[in-house]
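Structure, as structure tokens:
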Amino acid sequence: MDAYNPEEIEARWQRRWAEAPAMDEGNAGEEAPCFYLLEMFPYPSGRIHMGHVRNYTIGDVMARFLRARGYRVLHPMGWDAFGLPAETAAIQRGVAPAKWTYENIEAMRVQLRRMGFSYDWKRELATCHPGYYRWEQLFFLQMLEKGIAYRKKAVVNWCEQCGTVLANEQVEGEQCWRGHRPVTQKEIDGWFLRITAYADELLDGLDTLEGWPEKVRTMQRNWIGRSYGVQIAFPLVECEGSLEVFTTRADTLFGVTFASIAAEHPLAERLAEAGGRQSEVRAFVDRIRRQEATERAQGKEGVFTGCHVVNPVSGERVPVYVANFVLMSYGTGAVMAVPAHDQRDFDFARRYEIPIRVVVQSEGGDLDGDAMTAAYEDDGVLVASGEFTGKTSEMARSEIAEHLQAAGKGRKTVNYRLRDWGISRQRYWGAPIPVVHCTACGVVPVAVEQLPVILPTDVELLAGGASPLPTLESWVNTQCPRCKGAARRETDTMDTFVESSWYFLRYTSARLDTAPFDPLELEKWLPVDHYIGGVEHAVLHLLYSRFFTRVLRDLGWIRLDEPFRNLLTQGMVIKDGAKMSKSKGNVVDPDDLINAYGADTARLFSMFAAPPEKDLDWSERGVDGSYRFLTRVWRLAMAFEGRQLAWADPGRSDVGGAPDEDGGGKLRSLVHETIRRVTHDIGERRHFNTAVAAIMELVNAIYERRALRQSDDAITHFATATVLRLLAPFAPHITSELWERLVGTPALDRLLWPEVDATALVRETLEMAVQINGKVRAHISVPADATEADVLATALAEEKVAGELAGRSPRKTVVVPGRLVSIVV
RNA sequence: GCCGGAGUGGUGAAAUGGCAGACACGCCGGACUCAAAAUCCGGUGGGGGAAACUCCGUGUCGGUUCAAGUCCGACCUCCGGCACCA
């Protein structure tokens with residue numbers, strides 16, 4: 001018998017699959033149902049890591065399973081190819097970013113092939129290719145026309161390390177999401193996409209995404225952060241006009257004892273002047289504005305402007321402060337302060353000795369402004385609130401809002417935490433933003449006929465890390481499309497998240513060069529039926545893609561609201577209690593794993609060790625175990641070498657098999673039970689670990705039978721062949737090899753999935769437990785077709801049960817067919 | 001602080017409200033071998049018992065139920081997300 005030699009057989013099958021890509025769209029005909037299965041495409045860093053192995057194995061198991069189930073499966077792969085590491089590599093090693101990127105793609109494609117992943121390589125795409133980003137530039141121009149893309153000067157997140165601006169979503173706890181370097185605030189001109197215009201749609205759409213994990217939906221809900229409230233005008237006393245504030249707590253309006261505005265608020269300077277406190281306010285504002293966000297969050301402080309505003313319902317005059325904790329970026333940048341019912345205002349009021357006035361009383365409580373040690377933020381009943389006294393918070397909120405609105409002093413509004421998406425990157429290796437800056441005409445879009453604006457690739461990267469584009473005269477100098485005068489190209493490039501926001505659409509017609517999409521292909525495949533990737537993109541890529549999908553819908557390119565019907569977010573790969581990372585030095589290189597054990601073992605282990613959404617604990621011993629199982633399968637099957645394995649073709653799911661006396665019937669029913677379990681686990685539950693466990697049980701049962709020297713009969717052949725078929729999605733190489741040696745044609749990956757024969761699952765007798773007062777006291781064996789009364793009678797007649805009961809008659813009995821009998825005395 | 005998720009053997013983990021711990025790792029024992037490795041077979045939650053058996057056991061405390069790892073309430077711990085969002 002040949003030994004199991006993964007290196008040799010995997011290479012052979014990979015060659016064969018590359019030569020005759022049998023599985024681009026499955027084995028099915030034109031009429032077969034379509035299934036779009038997608039895994040998040042990788043950044044071409046040059047090497048795949050264990051996270052990729054896990055992600056792409058989940059996808060490949062599903063792809064192979066679905067093909068066998070008769071689907072046409074779209075299962076593409078591509079490259080998220082723009083991005084900063086290419087520039088860093090260029091500076092450090094003197095390789096051009098384009099060359100570096102394309103070489104990495106070559107290397108990683110080899111690695112993916114070595115894993116035996118069944119992608120449709122005809123659809124491969126790289127986002128750094130002009131054939132891809134030309135369409136993105138077209139979309140941008142159309143968004144510009146529609147006002148979805150716009151330019152503004154704004155305070156943005158700046159990452160010194162990356163040398164560029166970052167969107168809000170790309171900042172995690174005041175650090176850059178990539179390198180976790182500190183982010184600072186900077187005022188800069190840039191391009192934005194009006195994602196806030198879609199805030200309601202994006203939020204409400206989450207309710208339709210039943211195939212998404214609740215966790216991700218919640219994260220997006222929180223990120224969008226919709227809150228309903230009232231915008232109220234407080235007339236200024238010392239000068240003209242009024243101060244607009246936003247509040248969700250109109251019910252506390254009578255408790256306002258001061259107002260606060262952000263240091264960046266446009267009124268700050270004017271109020272200070274009118275209040276005669278210019279120098280104090282200016283000093284404070286200058287100091288605060290120089291602080292980083294973290295520093296600013298240290299404690300609450302502020303300065304009196306010398307001005308007052310009038311409470312629109314009570315007519316009371318209250319002072320206006322500039323306060324460090326008021327954010328200019330949310331609401332109106334000004335807040336009415338109710339220290340009795342807001343902890344922040346409470347802290348501030350205590351520090352500056354501002355009155356604290358209770359206007360909402362807790363149930364049966366007697367809150368007292370002077371005695372309080374913390375704000376009472378819950379709802380209650382209004383006190384000291386004029387005509388609204390005695391109302392509940394809930395009623396008062398709506399009635400006060402109505403009252404203000406009727407009086408023209410306020411209006412109901414909705415505020416969002418979500419900010420517009422800043423997509424300008426002061427980087428070289430990205431898609432050029434297709435506009436020019438003309439001294440005469442200002443900012444002018446590039447004419448559609450002149451697209452694409454191709455990113456020059458023969459550039460010298462600058463040692464300091466800055467983009468070479470602004471100084472690349474041959475590229476940057478151009479003609480204004482409007483006045484034909486001299487103009488300069490926009491040298492910012494687009495955020496790479498723009499490319500990944502629509503790549504899944506492009507796969508449907510990746511080689512089309514007359515349009516971004518073929519409408520028929522879009523109709524055929526979209527939405528993505530099943531999307532698999534890491535949870536770290538919950539509010540990055542996954543939110544942007546949902547937004548982009550709706551924008552492209554409104555631009556008339558697609559007919560689709562939500563891009564991803566089902567989402568599976570897989571857990572991290574953990575070793576020694578931490579996520580694998582270079583800095584922790586706990587990285588396992590997939591290549592080493594493949595060299596030592598083969599791709600099938602790598603695949604099997606990553607599916608068996610944990611269910612997909614949980615973190616996967618790396619274990620050398622676990623890998624060993626997976627390898628051992630495969631050699632066990634190898635030996636089991638190779639025992640039949642030289643014989644034609646009897647197996648059931650799709651039209652003949654029953655196998656005569658051996659008579660019951662030697663256990664043949666039992667094995668036959670186990671085979672079908674295993675088919676049922678594996679099909680359900682992969683197809684419905686997506687619990688691949690238990691699917692593998694079920695196959696292991698079947699293998700164990702065959703070994704057991706072999707130990708009894710009853711191995712070479714039809715039922716054992718059938719069981720062995722079924723093991724190969726069920727294991728095929730997980731370990732395609734070894735199963736294909738064994739199938740070819742022992743069965744021959746049709747090839748394993750041309751075969752439809754085995755069918756469950758329901759008659760094989762039928763048992764003649766059932767084992768049932770008998771509980772007395774909740775404790776299992778006996779087991780009985782009853783005919784499968786026994787009535788509940790028969791079962792109960794059998795249970796009561798059982799020796800131990802009868803002894804336990806000792807003549808007492810049951811107070812209550814429950815019979816759960818096929819499970820147990822419960823007797824209460 | 002708010003919002004999610006998770007706490008089960010020595011370990012990774014199983015379990016439509018119905019006999020907790022499938023499967024695997026590790027460990028122990030046996031077979032094979034001159035021997036070892038590999039392989040095959042068996043055992044393996046804890047306590048008691050020679051055994052048949054029996055008691056206890058899914059983070060803690062309560063509740064619902066004939067029956068709770070699973071449902072409900074309170075709490076503890078860990079992980080993840082957001083965090084002065086008015």
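The figures here come from the full heavy-atom set of this structure, side chains too, leaving out hydrogens, waters and symmetry mates.
Distance check on atom C1': B:A22 versus B:A13 gives 10 Å, rounded to whole Å. Between B:U64 and B:C19, the two C1' atoms lie 22 Å apart (nearest whole Å). Taking the C1' atom of each, B:G46 and B:A20 are spaced 14 Å apart, rounded to whole Å. Using C1' as the reference atom, B:U8 and B:A14 are 10 Å apart when rounded to the nearest Å. A gap of 14 Å separates the P atoms of B:A6 and B:G17, to the nearest Å.
Checking B:G57 for Watson-Crick or G-U wobble geometry (two distances, each under 3.5 Å) identifies no partner in any strand. Across all strands shown, B:U8 has no partner, as no Watson-Crick or G-U wobble contact with both distances under 3.5 Å is found.
Contacts of A:Pro213 with the nucleic acid, taken as non-hydrogen atoms under 4.0 Å apart, are absent. Across all strands, A:Val326 comes closer than 4.0 Å to base atoms (heavy-atom distances). Counting non-hydrogen atoms under 4.0 angstrom, A:Lys579 reaches nothing in the nucleic acid. Among the protein residues, A:Asp624 comes within range of no part of the nucleic acid, since none of its heavy atoms lies under 4.0 Å from any strand. Residue-level contact check: A:Arg635 touches the backbone only, with heavy atoms under 4.0 Å from sugar-phosphate atoms and none from bases. As judged by a 4.0 angstrom heavy-atom cut-off over every strand, A:Gln771 is placed among the base-contacting residues. Residue contacts shown for A:Arg217 are absent, as no nucleic acid heavy atom lies under 4.0 Å away. Using a 4.0 Å heavy-atom distance criterion, A:Phe608 is classed as a base contact. Using a 4.0 Å heavy-atom distance criterion, A:Arg685 is classed as a sugar-phosphate-only contact.
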Show your reasoning for whether salt bridge (charged side-chain N to carboxylate O under 4.0 Å, His left out) applies to A:Arg226 and A:Asp200.
CA-CA 8 Å; A:Arg226 178 165 64 191; A:Asp200 280 319; 2.4 Å; yes
Applying side chain to side chain contact (heavy atoms under 4.5 Å, CB included), run through A:Val671 and A:Ile675 and close with a yes or a no.
CA-CA 6 Å; A:Val671 170; A:Ile675 296 171; 4.2 Å; yes
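When rounded to the nearest whole Å, the span between CZ of A:Phe605 and C1' of B:A24 equals 10 Å. At whole-Å resolution of the value, CG in A:Leu542 and P in B:G81 are 15 Å apart. One interatomic measurement links the two molecules: CE of A:Met572 to C1' of B:G81, which rounds to 13 Å at whole-angstrom precision. For A:His779 and B:C53, the NE2 to C1' distance is 14 Å, given to the nearest whole Å.
When each of A:Thr247, A:Asp379, A:Thr252 is tested with A:Arg397 by the rule side chain to side chain donor-acceptor pair (under 3.5 Å), just one qualifies, namely A:Asp379.
Within the 6.0 Å centre-distance limit, the rings of A:Trp618 and A:Phe605 are counted as a close aromatic pair. Between A:Phe258 and A:Tyr352, the gap from one ring centroid to the other reaches at least 6.0 Å.
Relative to the side chain of A:Lys614, the nucleotides B:C82, B:C84, B:A13 differ in distance, and B:A13 lies closest.
Checking the phosphate oxygens (OP1, OP2) of B:G17, no side-chain nitrogen or oxygen of A:Arg819 falls inside 4.0 Å.
Residues A:Arg685 and A:Asp681 are paired through a salt bridge, judged by an N-O separation under 4.0 Å between the basic side chain and the carboxylate.
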